[in-house]
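Step one of this worksheet: look at the structure below.
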Amino acid sequence: MSAAAANFARLLFRYVLRVGDLSLVLGQRLGEWVGHAPALEEDLGLANVALDLIGQARLLLAYAGELEGRERGEDEIAFLREQGEYLNPTLVEQPNGDFGQTIVRQVLIGAFQLELYERLANSADERLAAIAAKAVKETRYHLRYSSDWLARLGDGTAESHARVQSALERLWPYTTELFAEDDLDREMADCGIAPRLAEVRAAWSARIDTLLAEAALDRPRDRPYQWFGKRGEHSEHLGYILADMQYLQRTYPGARW
Amino acid sequence: MDDKRQWPLFEVFIRARGGLDHKHVGSLHASDARMAVDHARDLYTRREEGVSIWVVPSAAITASDPAEAESLFEPAHDKIYRHPTFYDIPDEVKTL
């Protein structure tokens, strides 16, 4: 492999990790609801979304392992990295909070994933395009599920409205990162692999405005401070997720059942 | 949980594939019909069981009274001539 090709594979590896880690960490986080949801039906609903996300992560991380070329499979990539090597946005590692806060997070990130996957389905990278084409159908349902709930809660009782509005205020600052274009995003967009984040932002923003209006919620103001989980700089919450998630692989390396 | 806090019950019907009837598969709780469709999708179609879902509020179903079962159903017992079993079926007819 030429130096240029090797360098490109390394960049693509990091980009695929960004997309895959988003699904992995969000799926793991959402899975915490299993056995705790407010109704049996919601328990299954949330678990189904979590499993879809883990499925997306498997495809993406397996691909990342191939791009890396160090013979690491999806399990090693998923379970045996250090915190700073996870490139998910900070939003998806935020605690579930109450059901309303989980729903707000799922709407904010689901709308992002939908806009992203719709565009990645036309990626110059065929493998990424195929994975995105599959994921886009799942994500459309995830957003239907979460935005229906957002409308029920936001436009529900005074209590439910206050709770989701406050969750929205709390989580909103983490959305800025999703659209903060860095060198990697730019490089991927330049060669047609990933969409321009400014374009994704415009589409996301319009969609979120519609969903917030349907839910009778006020759009919070943007704040200048930004998180950068997508560069490996995480909030304090990721470490706890990883401790849970990695326990088995680290205690019983290569465990099978 | 008292009735006010429990979501209403819906009956779920699934069409397994095009051309077949919707079949009753079970019931679930949901706050409204749209949520009932979502729940039905998650509960009853996750193993590719269907291509279409109907949900009906259980309260909208009028059922026969079990106490009247004798008068409703037993009179049919000795009306065997109502079954189309007295015809000679030509050998050429394979699927009847």
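Residue numbers begin at 1 in each chain, while the letters A, B, ... track the order of the sequences.
- Open room surrounds NZ on A:K137; 12 or fewer heavy atoms of other groups in view lie less than 6.0 Å from it.
- Contact annotation for A:L51: only side-chain heavy atoms (C-beta onward) come within less than 4.5 Å of a heavy atom of chain B.
- In this structure, OH in A:Y145 is found 13.0 Å from CZ in B:R34, a value given to the nearest 0.5 Å.
- With sequence neighbours excluded, the residues satisfying ring pair (Phe, Tyr, Trp, His ring centres under 6.0 Å) with A:F179 are A:F112, A:W204.
- Put simply, CG on B:D32 and CG on A:D148 are 8.0 Å apart, with the number rounded to the nearest 0.5 Å.
- In terms of the ring pair (Phe, Tyr, Trp, His ring centres under 6.0 Å) criterion, A:Y117 has no residue partners (sequence neighbours excluded).
- Distance check: A:D43 CG to B:L43 CG gives 10.0 Å after rounding to the nearest 0.5 Å.
- Shown here is B:Y87, whose OH atom has no more than 12 heavy atoms of other residues, nucleotides or ligands within 6.0 Å.
- The side-chain heavy atoms of B:M35 and A:E42, taken from C-beta on, include a pair separated by under 4.5 Å.
- Counting non-hydrogen atoms of other residues, nucleotides and ligands closer than 6.0 Å to CD of A:E126 gives a total of 12 or fewer.
- From A:R144, atom CZ reaches atom CZ of B:R41 across 9.0 Å, with rounding to the nearest 0.5 Å.
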